[in-house]
Protein chains: 2
Amino acid sequence: MGKTTLKSLAQALNMSVSTVSKALNDSHEISEITKKKVQEFAKKHNYQPNVLAQFLKTGKTQTIGVVLPKMTSPFESQILEGMQQTASALHYRIVIMNSMESEDLEKAALQSMLDKAVDGILFCPIHESSNLELAKQIQKTTPLVIFDRTNYPIDTHKIGVLNSAGTYQACKHLLDIGRNRMAIFCGTRQGITATRLLGYFEAHSDFGLPVAPEYTVYCNVKSISELQADMEQHVKKLLQLPNPPNAIIGVADTITTHLLGVLAKLEVKVPDTLAVIGFANTDLALSLNPSLSTIRQPTKDIGEISVTKLVEVIQKTNRSQIEWEDIKLPTSIQLRRSTIG
Amino acid sequence: MGKTTLKSLAQALNMSVSTVSKALNDSHEISEITKKKVQEFAKKHNYQPNVLAQFLKTGKTQTIGVVLPKMTSPFESQILEGMQQTASALHYRIVIMNSMESEDLEKAALQSMLDKAVDGILFCPIHESSNLELAKQIQKTTPLVIFDRTNYPIDTHKIGVLNSAGTYQACKHLLDIGRNRMAIFCGTRQGITATRLLGYFEAHSDFGLPVAPEYTVYCNVKSISELQADMEQHVKKLLQLPNPPNAIIGVADTITTHLLGVLAKLEVKVPDTLAVIGFANTDLALSLNPSLSTIRQPTKDIGEISVTKLVEVIQKTNRSQIEWEDIKLPTSIQLRRSTIG
DNA sequence: TTGTATGCGTTATCAT
DNA sequence: ATGATAACGCATACAA
């Protein structure tokens, strides 16, 4: 009593392997009666097709590889959950490779996908040109879709959010509540940060607000502790300006949420002295000090659409004729006590 | 110029397929000179072995399946990250299936692993007996290791934490700072909750504190909003008692962190009126209102050890002789303003 | 409607 | 030291 295979079934049923195979695949060239017979017998003997053999035969693994810079912050893990769920629904499985913000690891991750053990790749590059050549190379043979970091110069589907609009909304809200001196805390000097800054500048221009260069702050996001120390210095410096800001916008989850901790430590009153709003997908906004006004990204949708689009490409026969889409999903804004007191 | 395979290499080199295969696998029966020749040629032509064929041949997929109830909270995502990293180091990949706290989905997830597309399974059951029979069934053919929920009645390695000690420590700390009336907020009535409650009772017994039954509170954790509403009611009720508690212990990440939001909403002073401490792996403890005293679980270690132990089993030839370990890792306690003001 | 034969790309066994 | 050949389990073109 070894494992049940097509062969063993065929033997037991006194039929040929191909008949059994076709019957189990519900082929039209098999009579209903034998189909039923075979299928029942197979079920009874708990037959499980060896997917590896199927894979080898069909060249498809029903597997999607995801390469992304981190996976523990709410933004990423929510996206991953969305991907996992829709992939499951489409009968795909997800394999995650964490590039951990390192270009070398990212390269290794991408290369490990290359061995044809995945049908397609969902890629969130570390920065706007990291491993670009490799990605282009891969794309020649394996469908690849970009998510989140959509300003990555490559021809394929891209799924991200309307970053500049998110910041614009935040600025508008701050202005509405009388905060006209807004600092903005950024991460690295590229990609998404740049787009979010754009919304900030646009809003200032539209609303006739002057832009103070010292209000644009770049933080060291290498590690949480470095980020905290760095933000502490920046806040102190800003508050000593002759014309200090009365609001801060955070351009990323980590920055915005940890900024509250820094301000609490410095005993800066929020929102009295500084209103705070920013991009954040934490579900702890209500438990923060004070409850945090957020610009939320539709993480579940990002995950879902990324998978859907990728599978679309995978299943397309003539891949050359696809019109690549650059999808930008809208953000939403939630107002809480960190801005409205 | 199709894909480079053993066959194509052999043809080009005018050698046999088996020679090439052996040369690439560094076999001792191949001369150094041909080895070098083959390996260089293969590299030059960017040869990638088809892992699917390898899988079919060897019966190993170098893939580990993870089934767990959720993946977006810090505790779970940190564990997943730990698993992913050590798996990578051991040349395994991780496939995640999210049971989403549903027994049916859990069953489907486990069954989808059954088709032999994974070499082993890491399983965190929804509750202490969910899909127990199926798990036992699977275990006959596929190595399976339990993590987090270690009070699952099955014979295999289990990797979790010393839950009762965690709560015990928290109680001790509360007593040290003069809080002798501690309520405890639990989730469902089973498994881990029970163990953590044990530490609470033990501490009370050891320290000669009376246990007030109304201090043990079970919360509805179906969704965040239900949890918040439910906790709000419980807090109100507790504070109206003739002898209200002066501290609350949360037994899980979500409960503890969201409790702060509820208390903020009710304008209950923390820690003045109620000190708060609890199990939580959020890295936002410092940004919470107020900064949160936590009992932290060694998530990275859980992930790392789980994978290591599972791979150990996978690679063991005579699986029958293994002594199953029930590993309990210590928690650590971080004191912040929610208890020490 | 059913069966036969072949191949997917590897590894492993056995000759040479 | 190298090569021929047979599996692994399945799907499919083709034959009957």
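Reminder, nothing fancy here: chain letters follow the sequence lines and each chain counts from 1.
By the side-chain hydrogen bond (donor to acceptor under 3.5 Å, both in side chains) test, B:T86 pairs with no residue at all, sequence neighbours left out. For B:K300, there are no side-chain hydrogen bond (donor to acceptor under 3.5 Å, both in side chains) partners, not counting sequence neighbours. Evaluation of the side chain to side chain contact (heavy atoms under 4.5 Å, CB included) rule for B:N25 yields B:S21 as partners, not counting sequence neighbours. Evaluation of the side-chain hydrogen bond (donor to acceptor under 3.5 Å, both in side chains) rule for B:E106 yields B:S130, B:N131 as partners, not counting sequence neighbours. Legend: residues meeting side-chain hydrogen bond (donor to acceptor under 3.5 Å, both in side chains) with A:T34, ordered by chain and number and at least two apart, are A:S31. By the ring pair (Phe, Tyr, Trp, His ring centres under 6.0 Å) test, B:Y152 pairs with B:F123, sequence neighbours left out. A:M100 meets the side chain to side chain contact (heavy atoms under 4.5 Å, CB included) test with A:N98, A:L105, B:Q85; sequence neighbours excluded.
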Q. With the sugar-phosphate defined as primed atoms, P, OP1 and OP2, and the base as all remaining atoms, what B/S/- string results for nucleotides 9-16 of chain C, 5' to 3', for protein heavy atoms under 4.0 Å?
A. BBBBBB--

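Between B:D119 and B:P143, the shortest heavy-atom contact is O-CD, 3.4 Å.
Residue B:F55 contributes atom CZ, which lies 17 Å from atom P of D:dC10 at whole-angstrom precision. The CG-P distance, from A:N14 to C:dT4, rounds to 11 Å in whole Å. In this entry the distance linking CG of A:L52 with P of C:dG7 reads 22 Å, nearest Å.
End-to-end axis angle of the helix from C:dT1-D:dA16 to C:dT16-D:dA1, from C1' rotation axes over five pairs per end: 50° (rounded to 10 degrees).
Sorted by first and then second residue, the salt bridge (Lys or Arg N to Asp or Glu O under 4.0 Å) pairs with a member in residues 132-142 of chain A form an empty list; sequence neighbours excluded. Sorted by first then second residue, the salt bridge (Lys or Arg N to Asp or Glu O under 4.0 Å) pairs that include residues 13-25 of chain B, not counting sequence neighbours, are B:K22-B:E29.
Residues from residues 30-43 of chain B that place a heavy atom under 4.0 Å from any atom of DNA chain D, listed by number: B:I30, B:S31, B:T34.
When the side-chain nitrogen and oxygen atoms of B:S16 are compared with OP1 and OP2 of D:dG3, one or more of them lie within a distance under 4.0 Å.
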